[in-house]
Structures are given as structure tokens and as C-alpha cells.
Q: 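Can you read through this structure? Questions will come right after.
Below, read A as the first sequence line, B as the second, and so on, with proteins coming before strands; counting in each chain starts at 1.
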Amino acid sequence: MHDILPDKQHYWKHIQKKSSQILEDYGFDKIDLPIVENTGLFVRAVGEATDVVEKEMYSFKTKGGDELSLRPELTANTLRAYLEHGMQVMPHPVRLWSYGPVFRHDNPQAGRYRQFHQLNVESIGDQDAVVDAEMIFMAHKVLEAIGLKRMIVKINSIGDDSCRPQYIKALKDHYRNKVKKICNKCKDRLKTNPLRVLDCVEANCVDAAKDAPQMVDYLDSDCKKHFKSVLEFLDEVGVPYLLDPHLVRGLDYYTKTVFEFVQEEEEKKEEEQQQKEIKEEVVAEEGEGKAEGDAVKEKVDEPEEKQKHPQLAVISGGRYDKLVALLGGPATPAIGWAMGVERAVMLLERNKANIPDYKTNPKIFLAQLSEMGRRKGLVLFEEMRKSSIPVKTSFGRDSIKSQLRIADRLGSLYTLIIGQKEALEGTVILREMSTGVQETIPMEKIVDTVKKRLKK
RNA sequence: GUGGCUGUAGCUUAGCGGCAAAGCACCGCUCUGUGGCAGCGGGGAUCAUGGGUUCGAAUCCCAUCAGCCACCCCA
């Protein structure tokens with residue numbers, strides 16, 4: 001768990017602003033959902049045998065005996081709300097988006113937190129392939145709008161109930177005479193969650209997976225046609241994609257189209273430049289003591305390891321045509337995706353993306369002296385606020401000295417000073433901080449004067 | 001869930017069984033209504049939390065929590 005401090009807020013505001021704009025443009029309505037829900041909801045929706053449900057949920061029992069969990073994702077909640085509020089009777093597709101914290105009890109590391117934020121999007125009620133493409137296109141647009149470059153979508157189809165069983169059978173057949181070679185976990189996976197063996201990274205398992213049958217070859221005509229049109233639509237709108245026959249989702253509810261967005265490797269040049277800088281730093285330090293020669297060597301070696309950022313999915317999602325029915329609703333096709341906001345922020349930082357600074361950075365500081373100055377200051381502060389001129393003050397402080405020091409630290413362009421004398425005269429001192437030049441201005445003209453000065 | 005590393009003042013860290021330190025930051029004074037520089041002074045730490053070992057624990061041990069790295073997995 002981590003705090004999002006003021007100096008990072010502009011990333012968050014930026015992402016929220018850009019993405020909500022696009023989602024509203026596409027006709028999605030916002031929905032806010034509770035953080036705590038019945039454990040059973042997630043077990044049913046996400047799947048009993050998934051890691052998320054098995055070991056990553058924060059579950060607890062209330063005094064009344066209810067089994068509750070902090071939500072590990074937002075799709076289940078969204079569909080629960082959809083059913084609970086009778087949205088089946090609304091014109092379809094019902095398009096909902098939500099944003100908020102989700103919780104997974106996993107070992108944390110870069111880009112992975114126990115509490116993180118998702119931007120979640122669902123389109124309920126359409127089965128056509130064009131919607132798959134539209135959702136992927138929109139995800140692409142969102143990433144583009146927030147300033148992430150070199151994003152590529154990995155895509156696959158995992159079929160549905162009518163063809164996946166045959167594929168799983170073929171997959172099991174393929175592994176029948178290889179069981180001895182693959183790792184123990186994969187042996188379990190073959191029984192509980194066979195698709196999973198495909199993305200295991202153990203050398204032997206990768207080997208065994210190489211010539212494994214591919215889902216695309218087992219798709220029935222409906223699924224195959226669907227997948228083919230999704231790709232055709234993507235070509236049409238120009239979203240770069242990568243067919244990944246081993247892409248398998250960790251949540252049970254997916255059918256047909258699954259996808260995830262990753263960022264392609266950074267340009268090599270940049271990496272080399274960074275390494276050079278680090279090496280130069282190390283060399284500069286060397287003069288201080290030769291005894292730590294070994295330590296220096298280690299320092300040089302380290303960055304090479306660190307440059308290899310794992311390719312984390314920023315957005316991932318897919319179609320889930322059976323989930324609404326599974327949760328007790330009528331058979332309703334649907335598709336959705338979720339963005340990991342921390343990951344998006346992390347990539348923006350790594351890319352050194354140029355994010356607009358949404359902070360209102362006050363250029364004006366208001367200093368006051370004496371009880372009377374303070375009173376007038378309070379009034380003037382409100383006048384400035386009404387004119388939308390952001391002002392910082394430190395009313396609680398008495399000495400002009402410390403107030404000016406603060407004004408300086410804040411980088412104020414001008415300081416307004418009201419002391420006893422000015423308060424009695426009905427004037428204000430306007431001090432230009434860079435030059436120290438001051439002039440006395442009648443109180444009633446000060447707002448206009450400041451406005452003019454700031455425009456320059 | 002597995003293996004490894006880390007947690008001392010707001011920040012960066014030193015101390016590694018015997019009085020909790022330094023630099024930066026903050027506040028103040030020198031300078032009584034005028035900032036940046038300098039000098040001097042001050043406040044601020046239940047040493048992540050809870051247990052244990054010990055005459056004595058920031059220091060050693062165990063557990064928990066949080067973070068970092070590699071897995072697993074995922075956003």
C-alpha cells in the first residue's frame with residue numbers, strides 16, 4: 001500500500017481526465033461500486049480455482065457471520081449492480097465504467113501493489129465482433145490520449161464451451177507422453193486449469209508447449225469467424241496487434257477474445273545513455289578509496305540487470321459471454337477491460353512523458369502584519385479568490401521576515417503586504433519578488449493591478 | 001504461495017549489545033515592518049509493530065506489517 005503524494009497527483013488527474021473524456025464520448029456511463037462485497041460473488045464470477053480467489057483476496061467474516069471480501073477486480077461488482085438494479089430492461093448495450101481501488105494480497109514489487117486502482121469498462125449485451133474491436137480500439141485511444149507510446153495489443157481467442165473442451169482434450173493428449181518432463185505445477189494445472197500450462201516459463205514446459213496444439217486451430221466455425229472479424233476490424237481501424245496463441249487469462253470467466261496491452265521495449269539508445277551516466281558517476285566516486293574496487297565493479301554490473309523491465313500489462317480484458325448467466329441473469333454476452341492505473345503512471349514516469357501540470361501554482365503571496373492587517377488580509381484573500389487568482393498566505397505567522405521567506409520558497413512572483421499603516425490608509429504594498437521593487441496601491445485597485453501584472 | 005533484501009527525525013543515511021547521531025529540511029535569533037547569503041541557537045525519533053534472549057536490545061532471535069528484487073500470478 002502506498003500513498004499518492006501531491007507531487008504525483010498530476011499523473012492521476014491527467015489519466016482520469018483523459019480517460020473519462022473518451023469513455024463518455026463512447027457513450028459509457030459512470031458507476032461507483034462498493035469496495036466490500038460478498039465473497040461468494042467473486043468466487044463465482046472470477047472462478048474458484050484462480051489464484052486471485054484462492055490466495056489473493058482479503059476476506060473476512062462480519063460479526064453477523066457474513067463472508068465478505070475487499071473487491072479484487074471490478075467486473076463482478078459491475079455485473080452484480082447491473083442485475084440488482086434491473087438494467088436488463090434498459091436498451092442494450094449497457095455500457096458502464098468505474099474507477100477505484102481494488103485489493104489483492106500478493107507479494108508486492110514494482111508495478112504491483114496490494115491496493116491498486118483500476119479503470120474498468122464493460123459493454124453488456126452485444127455479441128458482435130465489431131464490439132470486441134471497438135473496445136480494443138477505445139483502449140488504444142485511451143492509452144494514446146494519456147500519452148503512452150509504443151503500445152501494442154496481444155490478442156488471442158480461447159473459444160467457448162462448444163469448442164474449448166475439444167481443445168483441452170487435444171492439449172491433454174499432447175501432454176500425455178510429456179507429463180514426466182513438465183514441472184509439478186503444470187502437472188496440477190493439467191487437471192485444474194489446463195490452458196495455464198501454455199504460459200509456464202519453466203524451460204521444459206516452454207519446450208513442451210512449443211509444438212502444442214493451438215486454440216485457433218480448434219475454434220468452431222462460430223468462434224473462428226468471430227475471431228477473424230475482430231482482427232479484420234482491428235486492421236481497418238489501424239490498431240497494431242500481435243497474435244499470441246499462448247495468451248491465456250487468469251480469470252475463469254473469459255470466452256472468445258482475450259487481449260492485453262503492453263509497451264514495446266524502449267529504444268536501445270536511451271538505455272545505453274543511462275548506463276553511460278551511471279558509469280561516469282561511479283568513476284567519479286572512485287578517487288575516494290581504492291579499497292572498494294569490488295564494490296565499484298558490482299555497481300557497474302547492476303544497471304544492466306535493472307534495465308530489463310518486465311512487460312507488464314497496462315490494460316487487459318476480454319469477452320465473457322457466460323458470466324451474466326452465471327451470476328443468475330439471462331444469457332447476455334458482454335466484454336470489458338481494466339486498466340491498472342499505477343502501471344500506467346509507472347510507464348509515464350519511465351517514459352519521462354510530458355504531463356501537463358494541473359496544479360494551480362499561486363504566483364501571489366499575501367503577507368500581513370498586526371491584528372488589523374490580518375483582518376484586512378482575510379478580506380483581500382477572499383477578493384482574490386473570487387477573481388480566481390490563486391493566493392498563498394501564512395496568516396498565523398507574525399514576522400514579515402518569515403512570511404517573505406516563505407513567499408520566496410514558494411516561488412511567488414509578487415507579495416502583497418498589508419500592515420497596520422496600510423490597513424489604516426486602505427492601501428496594499430505590491431512587492432515584486434525578483435527585483436524587490438515595491439509600490440503602494442489603493443485597496444480597491446489591487447485586484448485589477450495584480451491581474452494586469454500576471455498577464456505580462 | 002516460494003526464495004532473497006530492506007525498514008533509525010520530514011528526507012538521505014551513520015550507529016550493529018552499553019547515554020540515539022550527522023547532513024539536508026523545518027522553526028527562531030543576530031536583523032523590533034522586508035526574502036534569497038552567513039553565523040548562532042532550537043524543536044523534532046514509542047529506532048516499522050508485537051513478543052523473546054540479556055544485568056542491559058535500534059543492534060541478536062521469532063512473528064506480524066509494509067516496501068524492493070526474483071519466481072508464481074496478475075492490472
Side-chain angles (χ1 to χ4, degrees), chain A residues 1-3 5 7 46 49-57 71-75 99-121 139 143 183-186 188-189 193 196 199-202 205 247-251 258-262 302 305-306 308-318 336-347 365 367-370 372-373 394 396-423 429-438:
Chain A
M1 293 166 206
H2 64 293
D3 299 314
L5 297 173
D7 66 326
V46 178
T50 57
D51 282 3
V52 169
V53 164
E54 248 176 20
K55 45 195 195 192
E56 293 179 5
M57 277 211 295
R71 59 191 187 189
E73 52 111 57
L74 292 166
T75 298
Y99 167 83
V102 295
F103 304 82
R104 291 185 197 174
H105 185 99
D106 193 6
N107 274 351
Q109 53 188 279
R112 171 189 297 180
Y113 298 92
R114 295 190 168 156
Q115 171 176 349
F116 62 100
H117 295 77
Q118 282 191 339
L119 178 81
N120 191 260
V121 180
L143 293 172
C183 68
N184 287 332
K185 272 180 193 156
C186 280
D188 289 341
R189 285 190 187 117
N193 207 342
R196 268 291 148 63
D199 59 4
C200 183
V201 291
E202 291 281 326
C205 302
L247 180 66
V248 176
R249 310 275 48 234
L251 283 56
V258 293
F259 58 90
E260 63 182 42
F261 280 83
V262 296
E302 221 174 304
E305 296 296 324
K306 285 204 172 159
K308 285 185 220 151
H309 294 307
Q311 274 198 334
L312 289 173
V314 181
I315 283 184
S316 86
W337 53 254
M339 173 166 75
V341 182
E342 275 79 359
R343 288 187 180 177
V345 170
M346 188 177 73
L347 286 183
F365 188 88
Q368 41 66 37
L369 288 157
S370 81
M372 204 181 270
S394 184
R397 227 167 284 256
D398 283 330
S399 97
I400 181 71
K401 207 170 157 50
S402 41
Q403 292 186 66
L404 276 173
R405 186 161 58 233
I406 291 166
D408 184 45
R409 285 285 313 260
L410 293 172
S412 310
L413 261 37
Y414 296 96
T415 298
L416 304 177
I417 304 169
I418 306 180
Q420 179 131 22
K421 182 162 162 274
E422 291 75 25
I429 295 173
L430 176 67
R431 178 185 179 87
E432 187 175 32
M433 293 304 280
S434 56
T435 58
V437 174
Q438 300 190 168

Q: Rounded to the nearest angstrom, tell me the gap between atom CG in Asp51(A) and atom P in A75(B).
A: 11 Å
Q: Distance check, C1' atoms only: U64(B) and A70(B), in whole angstrom units.
A: 23 Å
Q: With rounding to whole Å, what would you report as the distance between G23(B) and G15(B) at their C1' atoms?
A: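 That atom pair is separated by 15 Å.
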Q: Which nucleotide, in any strand shown, forms a Watson-Crick or G-U wobble pair with A66(B), with both distances under 3.5 Å?
A: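 Across any shown strand, A66(B) pairs with U6(B).
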Q: Starting from the 5' end of RNA chain B, give me the residue, Ile429(A) or Gln118(A), whose nearest nucleotide shows up first.
A: Ile429(A)
Q: When you check the phosphate oxygens OP1 and OP2 of G28(B), does a side-chain N or O of Ser402(A) lie under 4.0 Å from one of them?
A: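 Affirmative; the distance criterion is met.
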Q: Would you say a side-chain N or O of Tyr113(A) is under 4.0 Å from OP1 or OP2 of C68(B)?
A: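 So the side chain of Tyr113(A) is within the cut-off, an N or O lying under 4.0 Å from OP1 or OP2 of C68(B).
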Q: Examine distances only and state if a side-chain atom of Gln403(A) and a backbone atom of Gln368(A) form a donor-acceptor pair shorter than 3.5 Å.
A: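 Side chain of Gln403(A) to backbone of Gln368(A), a donor-acceptor pair under 3.5 Å: yes, one is there.
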Q: Answer with base, sugar-phosphate or nothing: what part of the nucleic acid does Gln438(A) contact at a heavy-atom distance below 4.0 Å?
A: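 Counting heavy atoms under 4.0 Å across all strands, the contact made by Gln438(A) includes a base.
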Q: What integer number of Å spans the P atoms of A22(B) and C40(B)?
A: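 Straight-line distance between the two P atoms is 14 Å.
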Q: What is the distance from CG of Leu404(A) to P of C37(B), rounded to the nearest Å?
A: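 Roughly 14 Å, once rounded to whole Å.
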Q: Is the side chain of Arg71(A) donor-acceptor paired with the backbone N or O of Pro101(A) at a distance under 3.5 Å, no angle test?
A: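 Between the backbone of Pro101(A) and the side chain of Arg71(A) there is a qualifying donor-acceptor contact (under 3.5 Å).
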Q: If pairing requires Watson-Crick or G-U wobble contacts with both distances under 3.5 Å, which nucleotide is the partner of G18(B)?
A: C55(B)
Q: Rounding to a whole Å, what distance do you find between Arg431(A):CZ and G36(B):C1'?
A: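 From Arg431(A) CZ to G36(B) C1': 10 Å.
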Q: With both distances under 3.5 Å as the test, what is the Watson-Crick or G-U wobble partner of G23(B)?
A: C11(B)
Q: Mapping Val341(A) and Asp106(A) to their closest nucleotides on RNA chain B, which lands nearer the 5' end?
A: Asp106(A)
Q: Between U34(B), A75(B), G35(B), which nucleotide has the shortest distance from any of its atoms to the side chain of Arg112(A)?
A: A75(B)
Q: Counting only side-chain N and O atoms of Arg114(A), is one of them less than 4.0 Å from OP1 or OP2 of A66(B)?
A: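 Result: yes.
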Q: Does Gln109(A) have a side-chain nitrogen or oxygen under 4.0 Å from the phosphate oxygens OP1 or OP2 of A70(B)?
A: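 Yes, because at least one side-chain N or O of Gln109(A) sits under 4.0 Å from OP1 or OP2 of A70(B).
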Q: Counting any heavy atom closer than 4.0 Å, what does Gln420(A) reach on the DNA or RNA strands: base, sugar-phosphate only, or nothing?
A: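 Touches a base.
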Q: Taking C-beta and beyond as the side chain, do Leu416(A) and Leu430(A) meet within less than 4.5 Å on heavy atoms?
A: yes
Q: Which value, in whole Å, describes the distance between the P atoms of nucleotides G4(B) and G41(B)?
A: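 Comparing P positions in G4(B) and G41(B) gives a spacing of 48 Å.
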Q: Just compare G33(B), C74(B), C27(B) and give me whichever is closest to any side-chain atom of Lys421(A).
A: G33(B)
Q: Report yes if at least one side-chain N or O of Arg405(A) is closer than 4.0 Å to OP1 or OP2 of G28(B); otherwise report no.
A: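 So the side-chain polar atoms of Arg405(A) do come within 4.0 Å of the phosphate oxygens OP1 or OP2 of G28(B), strictly under.
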Q: Out of C27(B), G35(B), A75(B), which nucleotide sits closest to the side chain of Asp408(A)?
A: G35(B)
Q: Are any of the side-chain heavy atoms of Glu342(A) and His117(A) separated by less than 4.5 Å?
A: yes
Q: Kindly point out which of A75(B), G33(B), A70(B) is positioned nearest to the side chain of Asn107(A)?
A: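 Nucleotide nearest to Asn107(A)'s side chain: A70(B).
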Q: When you measure from the side-chain N and O atoms of Lys401(A) to the phosphate of G35(B), is any distance below 4.0 Å, counting only OP1 and OP2?
A: yes
Q: Got a donor-acceptor pair under 3.5 Å from the side chain of Arg104(A) to the base of A75(B)?
A: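 When only heavy-atom distances are counted, Arg104(A) does reach the base of A75(B) through a donor-acceptor pair under 3.5 Å.
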Q: Taking the C1' atom in each of A58(B) and A14(B), what is the distance between them to the nearest angstrom?
A: 12 Å
Q: What is the base-pairing partner of A38(B), counting Watson-Crick and G-U wobble geometry with both distances under 3.5 Å?
A: U30(B)
Q: Which whole number of Å gives the distance between the P atom of U59(B) and that of G51(B)?
A: 14 Å
Q: For C47(B), which nucleotide in any strand shown is its Watson-Crick or wobble partner with both distances under 3.5 Å?
A: none
Q: Nearest whole angstrom, please: distance from the P of C68(B) to the CG of Leu312(A).
A: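 Taking atom P of C68(B) as the reference, CG of Leu312(A) is at 12 Å.
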Q: NA contact type, Ala313(A), heavy-atom cut-off 4.0 Å: base, sugar-phosphate, or nothing?
A: sugar-phosphate
Q: Side chain of Arg431(A), backbone of Val437(A): donor and acceptor closer than 3.5 Å?
A: no
Q: Quote, to the nearest angstrom, the P distance that separates G43(B) from U12(B).
A: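 Straight-line distance between the two P atoms is 24 Å.
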Q: Are Gln438(A) and Thr415(A) side-chain neighbours, meaning at least one heavy-atom pair lies under 4.5 Å?
A: no
Q: Counting distance alone, no hydrogens or angles: does the base of G33(B) have a donor or acceptor under 3.5 Å from a partner atom on the side chain of Glu422(A)?
A: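 Yes, the side chain and the base share a sub-3.5 Å donor-acceptor pair.
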Q: Does His105(A) reach the side chain of Val52(A), with side-chain heavy atoms less than 4.5 Å apart?
A: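 Sidechains of Val52(A) and His105(A): no contact.
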Q: Where do Ala407(A) and Met433(A) come nearest, in terms of heavy atoms and distance?
A: CB-CE, 4.0 Å
Q: If the C1' atom of U8(B) is compared with that of C16(B), how far apart are they to the nearest Å?
A: 12 Å
